[in-house]
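Working notes, beginning with the structure itself.
Chain naming here is simple, since letters A, B, ... match the order of the sequence lines and numbering starts at 1 in each.
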There are 2 protein chains.
Amino acid sequence: MADDRTYWPDELFADLDRTGPVPLYFQVSSRLEAAIQSGAIPPGARLENEISIASRLGLSRPTVRRAIQELVDRGLLVRRRGIGTQVVQGQVTRPVELSSLFEDLQSTGHEPGTVILAHEVVRADENLAGHLGVAVGDEIVRLRRQRTTDGVPVAVLENFLPAEFADITSGQLESAGLYQVLRARGVAIRIAKQKIGARRVQGDESDLLGIDRGHPVLTVERVAFDNSGRVVEFGHHCYRPDMYSFETTLVAK
Amino acid sequence: MADDRTYWPDELFADLDRTGPVPLYFQVSSRLEAAIQSGAIPPGARLENEISIASRLGLSRPTVRRAIQELVDRGLLVRRRGIGTQVVQGQVTRPVELSSLFEDLQSTGHEPGTVILAHEVVRADENLAGHLGVAVGDEIVRLRRQRTTDGVPVAVLENFLPAEFADITSGQLESAGLYQVLRARGVAIRIAKQKIGARRVQGDESDLLGIDRGHPVLTVERVAFDNSGRVVEFGHHCYRPDMYSFETTLVAK
DNA sequence: CTTGTGATATTGTCAGGACATGGCGCGGAA
DNA sequence: TTCCGCGCCATGTCCTGACAATATCACAAG
C-alpha cells in the first residue's frame, strides 16, 4: 500500500494576492476545489495536515482551516480528528444554487427564453398575504411566465412580489431572469426556502409544457428573502420532469 | 419607529457549561435558535453586536461569531456589515436533513413501518459499479423495501450496498431505518448527493404505493458517503407525492 | 496471542488582538 | 434645500498562541 503520501500541489498556491479584495481563504479554497475537480488531487487522497499547509503558504492555521471548511461544507472533503482530511470519492455533482433557472441555463450554454403569460397587479388573498408578509387585500404583483431552453418549454413559473416592484416591465423580464432583474434594482436574494414535490399537470400547463394531460410535473414552492431578511418573492413553479431535476448535497453536522 | 432596540435575552445564556463535552459555540447557537423558533426574539429583530455579546457571555468574539454563523448558514439569521445581525422573517421550515425517512417519521410522531420486498446478493452491472465504486461483476447487496407511515404506504425504496454489508438481517431492517442499522455497525453517513425528480409510477409500484397506474411519483436518486469519504450506499426511491415532499433552505454565499 | 498502555499525529475548540471594509447618519458646504 | 464628505459602527478578515480530544500505531505485559 503506497498511499501513505499526503497530497499538496504547492505550485497551485504560489501567487496568492494579499493586496487585492479577494480574501485569502477564498483564494485557497477556490484553487483547492479546482485541483479536486480536475483530478489533480484524486478521490480518496489525504491532504497534508493543516499546520504544514499553513506554514507552506505563509498563512495562519485559521485561514487554512476556513478554506478547507468551505469545501467540507460542500461535500468535497471529509475531516476526521486524529486522522486528517481526505477527498470524497464519487463524481462531482453541481448542486442546486441560489440562482434562477434562467441563469442556470445560461451558464450551461443553453439559450433561455421567456414568454410572459400574465403580468398584473392583484390583491393578496389570505394565503399569499401570509407568505409575503403583507396584509390581506394589499396590492401585489402577479407574474406568470413560460420558460424555454433552446425553444423547448421547460417550466411554467408563477411569482408574486410586493407592490414596490410594480414598475418592473415585461421587457426586462423577457431578457433576464427575475433574480437578475431584482439584483439590478439593488435587491439581492440571500435566502430561499423551498418545498419540492410532484403532481399531475393542471389546466393549461400541459399545453404550455408540451406534454400530455395527466403527465407528472416536478413542482417547487419557494419563498425568497433579501439581505435584510424581508420577503421579496413567493412563487410556485412546475417543471417538465424529463427536462429538469434538482441536485443537492447534504452534509451531516 | 421604536425598533432601535437590540435584542439579547441574557438570561438564556446564564449557565454555559465550560467543563462538559458540548462546545461553547454550540451551546450558544442552540439556545439562540430556540429563542428564535419560540419567538422570544421576533422576526426582523436586530441582535446586539458581536463584541458586546462576547463580553456579556464572557466568551471571545470568534466563539460568538461561530455560533451566529451556524444560524446564518441555516437561514435563520442575516448579517450585514456595518448594520448588524437580524432575524429572518417568515415562518420556520424544517429542512431536509441527513436522516432517513424512517427517522424523519419517528421524530414527527408517526409510526413508521417496513416491508422487505427483496433482500439478496447480486452482481453489479456497469451503472451500479460506477456509482458504488466497485468493479463490474462484484457482489453487492440489493435491498427493496416498502415504507409505510401509520399503515399507509409512502415510498418504495431500492438500495445497493457493498458486499461487506451482506450480513445485515431483514429483522434489523424491519425495526429501524437503514442509516440507523449502518450507524449501529459503526458506519456513519456524512455526505449524501441526491437528485430529485418526478415520473410516472412503474411496474408494481402503483400497487405498493396504493395509487392508480399513471400517477406521478416523486423520485430520489442518492449516493451516500461515510466519514472517510467512501461510498456506502446507492439507492433510488419513489414517494407518493401526496404524502411526502422535500423542503430545503438555500443560502447564498 | 491477546490486551492494555503510552507516544504521536491531527483536527477541534477557544482566547485575544489588530486592522480592513462597507453602511449610515450627521453636519457643513454649495 | 440638496448634496457631499467625514466619522462612527458593526461585521469581515487575519494573525498568534494554546490546550483538548481522538485515532493510529508500536510495544510491552498478561
Is any side-chain nitrogen or oxygen of [X] closer than 4.0 Å to OP1 or OP2 of [N]?
X      : N       : result
R61(B) : dA15(C) : no
R46(A) : dT10(C) : yes
T85(A) : dT11(C) : yes
R18(B) : dA15(C) : yes
R66(B) : dT11(D) : no
R65(A) : dG12(C) : yes

Please examine the side chains of L32(A) and I41(A), heavy atoms only from C-beta on, and report whether any two atoms are closer than 4.5 Å.
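The answer is yes, as the side chains (C-beta and beyond) meet within the 4.5 Å cut-off.
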
Do R142(A) and L128(A) come within less than 4.5 Å of each other through their side chains, counting heavy atoms only?
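They are not in contact (no side-chain heavy atoms under 4.5 Å apart), so the answer is no.
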
How many whole angstroms separate atom [atom1] of [X] from atom [atom2] of [N]?
X      : N       : atom1 : atom2 : answer
D17(A) : dC14(D) : CG    : C1'   : 15 Å
L77(A) : dT11(C) : CG    : P     : 11 Å
L57(B) : dA15(C) : CG    : P     : 10 Å
Q86(B) : dG23(C) : CD    : C1'   : 13 Å
Q69(A) : dT13(D) : CD    : C1'   : 17 Å
E50(B) : dA15(C) : CD    : C1'   : 15 Å
D73(B) : dG12(D) : CG    : P     : 11 Å
I51(A) : dT8(C)  : CD1   : P     : 16 Å

First encountered from the 5' end of DNA chain D, between R80(A) and N49(B)
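Residue closer to the 5' terminus by nearest nucleotide: N49(B).
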
Residue of the set [options] for which side-chain contact (heavy atoms from CB on, under 4.5 Å) holds with [X]:
X       : options                            : value
V28(A)  : T63(A), I68(A), L59(A)             : L59(A)
T85(A)  : R79(A), E48(A), R80(A)             : R79(A)
F165(A) : L143(A), L182(A), V181(A), I140(A) : L182(A)

Please list, in numerical order, the residues of residues 23-31 of chain A that have a heavy atom closer than 4.0 Å to any atom of DNA chain D.
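Residues of residues 23-31 of chain A under 4.0 Å from DNA chain D: P23(A), L24(A), Y25(A).
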
Would you call the rings of H236(B) and F160(B) parallel, tilted or perpendicular if under 30° counts as parallel and over 60° as perpendicular?
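H236(B) vs F160(B) ring planes: tilted.
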
With nearest nucleotides of DNA chain C determined for G82(B) and I68(A) from heavy-atom distances, which residue corresponds to the more 5′ nucleotide?
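Its nearest nucleotide lies further toward 5', so the answer is I68(A).
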
Position toward the 5' end of DNA chain C (nearest nucleotide), R81(B) or E48(A)
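Going by which nucleotide is closer to the 5' end, it is E48(A).
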
Compare the minimum distances between each of dT11(C), dA15(C), dG23(C) and the side chain of I83(B), then state the nucleotide with the smallest one.
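Of all the options, the side chain of I83(B) is nearest to dG23(C).
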
Consider the side chain of P62(B), meaning its heavy atoms from C-beta on, and name the nucleotide among dA10(D), dG16(C), dT10(C) that approaches it most closely.
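So the side chain of P62(B) is nearest to dG16(C).
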
To check you understand the geometry: which heavy-atom pair defines the closest contact between V251(A) and D73(A), and what is its length?
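Shortest heavy-atom contact: CG2-O, 3.4 Å.
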
Y179(A) and E233(A): side chain to side chain donor-acceptor pair (under 3.5 Å), yes or no, with the steps?
CA-CA 10 Å; Y179(A) 286 9; E233(A) 177 246 344; 2.9 Å; yes

